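Inspection log for the structure reproduced underneath, given as structure tokens.
What's counted below: heavy atoms across the whole structure, side chains too, no hydrogens, waters or symmetry copies. Everything numeric here is computed off the predicted structure, so don't read it as measured data.
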Amino acid sequence: MQKKELISILGYFGHANIGDEAILSCMLTRLRELDLPADYVVYSGNPEETSRSHHVPAVANILPTSIKSFLIRALGRNRKNFFKTLKVYRETSIFIVGGGGLFYDHPDSNYYLLELLTKIKRAVKHGKKVILFGVGFGPVHLEHSRRALKDVLNRVALITVRDEESRRLVEELGITEPEIHTTADFVYFLKPSPPEKIEKIISTEKLALSSRPRIGLCL
């Protein structure tokens, strides 16, 4: 029997952001349709909620990016969760980062971006195949950010971006080593709700039905 690989997914999940949760739902659906000999785990800000909502194992998104952060988490109150996350990371063979607009900085700070790139750099160093899956790039303001993006992302195995603007920025940054593909935002793969759920929503919201078609916009 072929041993299953462990694929872990890192993004902005477990923070009650409906757009990112929709992206994760679509991503998991597409991956499962491939019927790979693999198990999936998601790094999440709220592992219990992510596991309940998406029917997937989840661990706390507390991967360390320095010796200091490692020691703080290893000795802190939540060390049990930290070591659970660390175990998943060690066993991971494919490290997916995505989707959504993850690669950006601010005019006065790139702390978030450098933290993310450090996690990617270490995953590559530890022999994991890193894939950027349906991500967006920009805006990128700082020269330091541009250099860091070029240095780290030229080491990953594959990049798929969600729009042509992101692809142009990737090429402008000089990221040329991995294959780069333009796909779409994964949220476009959302499947419609079943008719009975739609009817329940219409009833709950007390929407009057008529022979004329109705269009609902959710902002």
Side-chain angles (χ1 to χ4, degrees), residues 7-34 38-63 78 81 84-85 88 94-106 109-113 115-117 119-120 130-140 159-167 169-170 181-209 213-219:
I7 299 176
S8 59
I9 303 172
L10 176 70
Y12 190 72
F13 308 126
H15 299 283
N17 183 304
I18 193 66
D20 289 289
E21 297 307 313
I23 287 170
L24 177 58
S25 177
C26 295
M27 188 187 306
L28 287 169
T29 297
R30 287 294 170 179
L31 288 169
R32 286 163 176 160
E33 285 174 352
L34 295 174
D39 292 318
Y40 301 98
V41 180
V42 176
Y43 301 102
S44 170
N46 187 338
E48 294 78 14
E49 178 61 25
T50 296
S51 183
R52 185 190 66 79
S53 299
H54 300 283
H55 309 291
V56 65
V59 294
N61 185 7
I62 47 177
L63 289 172
N78 295 322
N81 289 334
K84 186 177 179 181
T85 296
V88 166
I94 299 177
F95 189 77
I96 293 178
V97 180
L102 299 176
F103 294 90
Y104 64 91
D105 68 5
H106 299 282
S109 172
N110 61 358
Y111 177 80
Y112 153 77
L113 178 63
E115 287 272 297
L116 176 59
L117 291 175
K119 293 175 183 179
I120 294 172
V130 179
I131 296 173
L132 274 54
F133 211 30
V135 296
F137 282 81
V140 180
I159 298 175
T160 73
V161 296
R162 64 181 184 177
D163 53 69
E164 283 298 331
E165 187 175 345
S166 292
R167 185 188 183 98
L169 180 53
V170 167
H181 301 275
T182 305
T183 55
D185 196 311
F186 281 100
V187 77
Y188 287 110
F189 292 116
L190 267 179
K191 293 182 178 179
S193 293
E196 57 270 19
K197 185 174 182 180
I198 295 173
E199 289 175 8
K200 183 178 180 181
I201 292 171
I202 290 172
S203 174
T204 301
E205 298 298 329
K206 298 181 172 58
L207 299 176
L209 297 179
R214 292 178 176 270
I215 299 174
L217 300 179
C218 182
L219 302 180

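Leu31 places a side-chain heavy atom less than 4.5 Å from the side chain of Phe133. Side-chain contact between Glu165 and Leu169: absent, with no pair of heavy atoms (C-beta onward) separated by less than 4.5 Å. In this structure, His54 and Val42 have side chains that are not in contact, with every pair of non-hydrogen atoms separated by 4.5 Å or more. Residues Ile96 and Met27 have side chains in contact (heavy-atom distance under 4.5 Å, counting atoms from C-beta outward).
From Glu199, atom CD reaches atom OG1 of Thr204 across 11.5 Å, with rounding to the nearest 0.5 Å. We find the CD1-CD1 distance between Ile131 and Ile120 to be 12.0 Å, quoted to the nearest 0.5 Å. The structure places CZ of Arg162 at 12.5 Å from CG of Leu132, a figure rounded to the nearest 0.5 Å. In this structure, Phe137 CZ and Leu102 CG are separated by 9.0 Å, a value rounded to the nearest 0.5 Å. In this structure, the separation between CG on Asn61 and CG on Asn46 is 12.0 Å, given to the nearest 0.5 Å. Once rounded to the nearest 0.5 Å, the distance linking CD1 of Ile9 with CD1 of Ile94 reads 10.5 Å.
Closest of all the heavy-atom pairs between Asp20 and Tyr12 is CB-O, 3.2 Å. Closest heavy-atom contact between Leu113 and Tyr104: CB-O, 3.4 Å. Taking all atoms of both residues into account, the shortest heavy-atom contact from Tyr40 to Leu28 is CB-CD2, 4.4 Å. The minimum heavy-atom distance linking Ala38 with Ile7 is given by the pair CB-CD1, 3.7 Å. Taking every heavy atom of both residues into account, Thr50 and Ser44 meet most closely at OG1-OG, 2.6 Å. The two residues Phe103 and Leu116 make their nearest non-hydrogen contact at CE2-CD2, 3.8 Å.
In this structure, Thr85 contributes its side chain and Ala60 its backbone to a donor-acceptor pair below 3.5 Å. In this structure a side-chain-to-backbone donor-acceptor pair under 3.5 Å is present from Glu21 to Gly14. Remark: side-chain polar atoms of Ser51 are not paired, donor with acceptor, to backbone N or O of Pro47 under 3.5 angstrom. Side-chain N or O atoms of Thr182 include none that pairs as donor or acceptor with a backbone N or O of Val161 at under 3.5 Å.
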TODO: Kindly indicate, with the supporting measurements, whether the criterion side chain to side chain contact (heavy atoms under 4.5 Å, CB included) is fulfilled by Arg32 and Val56.
DONE: CA-CA 11 Å; Arg32 286 163 176 160; Val56 65; 3.6 Å; yes
- [ ] Could you check Val97 against Tyr43 for side chain to side chain contact (heavy atoms under 4.5 Å, CB included), going step by step and ending with a plain yes or no?
- [x] CA-CA 10 Å; Val97 180; Tyr43 301 102; over 6 Å; no
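More than 12 heavy atoms of other shown residues, nucleotides or ligands fall within 6.0 angstrom of atom CG in Leu34.
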